[in-house]
Amino acid sequence: MSSVCLCKTVSRAAANELVDALQAHGYCYLKHDAVSPTLLKEVKTRGRNFFTSLYPSLSEFHKESLRTEMGYRGFYRYVGASGRDDAIDCFSIGRDIHDPQRLRQDYYASAGWESSEYMPKISRVNPWGPLLEVSPNAGREFQQTLLTYYDACHEVSMDALRHIACALGIKPAQNNGEQLPDDAIDEDYFVSNHSKRDHNLEVKFYPQLGRVARSKPIAEVRGASEKNPTGPKVLRRKTASAEPLLPMAAASPGSSTDRSARNASPSTTPASSPLVRLDKHSDLSTITLLAQDVMGGLEVYDETKEAFIEVPVLEDALLMNAGMFLERWTDGFIEATPHRVRSVGTEDRCSVVFFCFPNHDAVIDPMLQANDNPALAQAASFTAGDMMPPVV
Ligand SMILES: O=C(O)CCC(=O)C(=O)O
Ligand SMILES: [Fe+2]
């Protein structure tokens with residue numbers, strides 16, 4: 001599969017190529033000026049260096065201050081498919097502002113939480129302090145690279161979402177019966193729901209099997225979602241209606257699901273293989289951008305073949321897959337991509353994952369497909385935060 005070149009100006013050809021690839025394979029490769037091959041290389045190198053050198057050099061006190069229980073803004077250990085002895089280490093950051101509570105507090109207040117329940121959690125800033133204190137140079141380089149990469153991934157994601165809106169043919173909202181040209185497209189439909197830049201960037205380290213230090217698990221993969229049908233390509237909005245969904249249990253990016261059809265040639269690894277490091281899941285994101293380790297290891301699930309398909313590494317490109325928010329938004333027209341990570345060599349593996357999230361208070365109004373009857377449409381609107389991991 002070749003990569004799709006994206007820029008600010010939406011190209012219909014690129015838009016169609018991107019959505020076709022998501023539907024046919026569950027992923028596509030992207031190139032964009034904001035993520036140069038140098039930046040991509042730098043983020044992978046410094047990410048790996050964090051786990052092999054920077055983090056091990058910290059004192060127990062500093063390590064403790066980096067730790068996050070909720071898998072957000074800090075260091076956590078994630079128990080994947082191959083058990084506690086082969087846990088995955090993660091370092092996660094969010095938007096780098098001094099008052100991150102302003103990104104989510106409106107959502108929690110309107111969802112009826114007490115401020116004492118959510119404020120301490122959502123006020124957590126990116127924990128650069130211990131890294132800069134212990135290793136001023138390496139810490140600073142790591143920080144700058146991650147922050148540059150975070151902003152670049154936001155830019156790429158927004159351009160990807162503009163292209164997706166174009167390929168789907170999303171119509172602008174009609175106010176007061178105003179007449180719009182037949183071919184009018186609301187390119188910023190998704191972008192406007194991501195205006196807070198409230199994403200999650202995670203560096204993940206899969207130690208060589210059997211090499212991880214034993215420790216208590218901090219976060220687990222869990223959760224589920226239901227199947228949606230596919231349909232014609234032109235979508236339109238449904239007017240907001242219905243009750244928001246009840247909060248759903250969902251882990252920090254990655255929730256189990258049993259869905260989707262892909263086409264490529266099947267791999268032979270049984271689902272129970274001890275070499276599976278991160279079990280089958282779909283991402284809790286709108287889209288996910290992955291900078292994969294050169295050794296590979298990512299596999300997407302083909303439901304028709306009931307098999308996992310290896311995703312080749314394209315070194316100078318980002319790999320994009322669809323997440324559960326995009327699936328809900330498009331009422332299943334673009335399905336979230338079920339995938340997993342398998343050990344493919346004897347070495348350790350490092351990947352950098354950008355989960356593009358909608359604003360917590362964005363109202364996700366599943367779109368109608370061209371032939372749907374709005375009176376019969378089932379999918380209810382909900383607030384994005386309802387699907388995010390709860391702060392408790
Ligand atoms: O490490 C990878 O290549 C992918 C990780 C992943 O799927 C996730 O964190 O959701
Ligand atoms: Fe994932």
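Counting begins at 1 with the first residue of the sequence. The figures here come from the full heavy-atom set of this structure, side chains too, leaving out hydrogens, waters and symmetry mates. Each ligand, and each atom within it, is numbered from 1 in the order the structure gives.
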> Considering only heavy atoms of Ser351, which atoms of ligand 1 have at least one such atom less than 4.0 Å away?
Replying inline: 1 (O), 2 (C), 3 (O)
> Would Gln208 and Glu347 satisfy side chain to side chain contact (heavy atoms under 4.5 Å, CB included), going step by step from the backbone distance to the final call?
Replying inline: CA-CA 5 Å; Gln208 190 184 339; Glu347 302 296 302; 5.9 Å; no
>> Within ligand 1, which atoms have a heavy atom of Asp283 less than 4.0 Å away?
In response: 10 (O)
> By number and element, which atoms of ligand 1 are closer than 4.0 Å to a non-hydrogen atom of Phe355?
Replying inline: 8 (C), 9 (O), 10 (O)
>> Need the ligand 1 atom indices (1-based, order shown) with element for anything under 4.0 Å from a heavy-atom of Val341.
In response: 1 (O), 2 (C), 3 (O), 4 (C)
> Salt-bridged, Lys41 to Asp316, with N to O below 4.0 Å?
Replying inline: no
> Between Asp198 and Arg104, is there a salt bridge with N-O shorter than 4.0 Å?
Replying inline: yes
> Strictly under 4.0 Å, does any heavy atom of Glu202 approach an atom of ligand 1?
Replying inline: no
>> Strictly below 4.0 Å, N to O, side chains only: are Lys8 and Asp159 in salt-bridge contact?
In response: yes
> Which one holds for Leu278 and ligand 1: side chain close, backbone close, both close, or neither close, with close meaning a heavy atom under 4.0 Å?
Replying inline: side chain
> Quick one: does Arg349 get a heavy atom under 4.0 Å from ligand 1?
Replying inline: yes
>> Using a 4.0 Å cut-off to any heavy atom of Lys204, which atoms of ligand 1 qualify?
In response: 8 (C), 9 (O)
>> Could you check, using the six-membered ring where one of them is a Trp, whether Phe50 and Phe205 have ring centers closer than 6.0 angstrom?
In response: no
>> Any nitrogen or oxygen of His281 lying under 3.5 Å from a nitrogen or oxygen in ligand 1? Just yes or no.
In response: yes
> Which angle, to 10 degrees, forms at the Fe ion (ligand 2) with NE2 of His339 on one side and NE2 of His281 on the other?
Replying inline: 90°
> For the Fe ion (ligand 2), which N, O or S atom of Asp283 is at the shortest distance?
Replying inline: OD1
> At a 4.0 Å threshold, what atoms of ligand 1 neighbour a non-hydrogen atom of Tyr206?
Replying inline: 1 (O), 2 (C), 4 (C), 5 (C)
> For ligand 1, which atoms have a heavy atom of His339 less than 4.0 angstrom away?
Replying inline: 7 (O)
> How does Leu290 reach ligand 1, if at all, at less than 4.0 Å between non-hydrogen atoms: by side chain, backbone, both, or neither?
Replying inline: side chain
>> Taking 4.0 Å as the limit for heavy-atom contacts, which would you say applies to Arg340 with ligand 1: side chain only, backbone only, both, or neither?
In response: neither
> Can you tell me how far the OG atom of Ser115 sits from the CD atom of Gln101, to the nearest 0.5 Å?
Replying inline: 11.0 Å
> Do the rings of Tyr76 and Tyr78 sit parallel, tilted or perpendicular, given the 30° and 60° boundaries?
Replying inline: perpendicular
> Taking the six-membered ring for Trp, is the centroid-to-centroid distance between Trp329 and His194 below 6.0 Å?
Replying inline: yes
> So, His199 versus Phe354, ring centres under 6.0 angstrom or not?
Replying inline: yes
> Shared ILVMFWY cluster between Leu146 and Leu103, side chains joined below 4.5 angstrom?
Replying inline: no
